[in-house]
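We number each residue from 1, following the sequence as shown. In each ligand, atom 1 is the first atom listed, and ligand 1 is the first ligand listed.
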Amino acid sequence: MIYQQIILAKKEKRKLLAILIDPDKITLSEIPSLSEKIKQSPATHILVGGSIVAENVMDLFVIDLKKYTQLPIIIFPGHPSQISHHADGLLFLSLLSGRNPEFLIEHHINSVEILHNSNLEIIPTGYILINGGKETAVQRVSQTIPIERNDINLAYKTAKAGEYLGKKLIYLEAGSGAEKPVPFEIIEKVSKSLNIPLIVGGGIRSKKAIDEAFTAGANLVVIGTAFENDTNFFNQ
Ligand code: 1GP
């Protein structure tokens with residue numbers, strides 16, 4: 001259902017926007033006011049997750065968010081312990097830019113028992129880390145080396161290999177709080193070569209940067225830090 005809607009939006013050239021809620025950075029008491037701000041924003045999806053999230057808090061966050069928003073809630077996990085059955089979907093991320101087996105397959109094997117009998121919509125996603133100018137949490141936690149900003153060809157080949165492997169989405173990530181977002185040229189090259197939808201996130205801090213990512217070919221843009229720092233971000 002979530003994926004079909006993303007496919008439809010791509011076909012109809014409608015832009016999708018996800019707000020990332022990192023339970024490590026906000027408190028449960030902030031959810032009602034945050035949800036109100038999300039309601040007033042152009043967001044079409046909510047992602048929940050992060051590189052480091054304390055165990056057991058995901059359920060609490062997702063249950064609370066569901067009370068206040070109608071938007072689809074998708075888990076964006078850094079670890080199998082972050083999977084909540086109360087969400088609508090799960091980006092089943094495989095970190096294709098890295099060579100750390102834990103993030104390529106190990107976490108996935110460890111998720112199977114958690115996902116067994118779950119109603120979560122599981123969306124196989126090729127996750128590609130691009131150098132965002134400084135070391136980010138995802139880089140530190142995954143202990144992988146991101147693709148260099150000028151290596152358009154490697155980014156393209158990695159994304160295309162993901163598609164050939166059967167991934168349903170490709171996520172180009174500069175890392176949360178990155179100094180610089182994914183370069184325009186990489187988004188453009190990757191989006192043109194893919195038949196599957198493209199997500200872009202990390203270091204996007206202005207409406208102009210959001211528009212640039214869409215112009216380059218992103219189907220869904222993710223905003224985390226900019227909204228965390230200023231919940232009026234979309235009202236400016
Ligand atoms: C991180 O792409 C997201 O996975 C969002 O990044 O926090 O920099 O917006 P920011």
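Against a heavy-atom cut-off of under 4.0 Å, Gly224 is close to the following atoms of ligand 1: 5 (C), 7 (O), 9 (O), 10 (P). Each of the atoms 1 (C), 3 (C), 5 (C) of ligand 1 lies under 4.0 Å from some heavy atom of Leu20. Close approach of ligand 1 to Thr225 (heavy-atom distance below 4.0 Å) involves ligand atoms 7 (O), 8 (O), 9 (O), 10 (P). Set against the non-hydrogen atoms of Glu173, the atoms of ligand 1 under 4.0 Å away are 1 (C), 2 (O), 3 (C), 4 (O). When each atom of ligand 1 is checked for a heavy atom of Ser176 under 4.0 Å away, the hits are 1 (C), 6 (O), 7 (O), 8 (O), 10 (P).
Geometrically, ligand 1 and Phe76 share no nitrogen or oxygen pair separated by less than 3.5 Å. Looking at Ile204 next to ligand 1, no N or O pair under 3.5 Å apart turns up. Of the polar atoms of Gly202, at least one N or O is found under 3.5 Å from an N or O of ligand 1, judged by distance alone.
Ion pairing between a basic and an acidic side chain is recognised when a charged N comes within 4.0 Å of a carboxylate O; Glu212 and Lys208 show such pairing.
Distances from ligand 1 to the non-hydrogen atoms of Gly177 include at least one value under 4.0 Å.
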Review point. Going through the checks in order, is the side chain to side chain contact (heavy atoms under 4.5 Å, CB included) test met by Leu93 and Leu95?
Key: CA-CA 6 Å; Leu93 302 168; Leu95 183 53; over 6 Å; no

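Ser81 and His79 share a donor-acceptor pair across their side chains, judged by distance under 3.5 Å alone.
If you look at Tyr127 and Phe103, their ring centroids are not closer than 6.0 Å. Between Phe227 and Phe233, the distance from one ring center to the other does not fall under 6.0 angstrom.
For the side-chain contact (heavy atoms from CB on, under 4.5 Å) test with Phe92, the passing option among Lys167, His108, Lys168 is His108; the others fail.
Side-chain atoms of Thr69 never come within 3.5 Å of backbone atoms of Leu65 as a donor-acceptor pair (strictly under, hydrogens ignored).
Of the heavy atoms in Tyr171, only side-chain atoms (C-beta onward) come closer than 4.0 Å to ligand 1.
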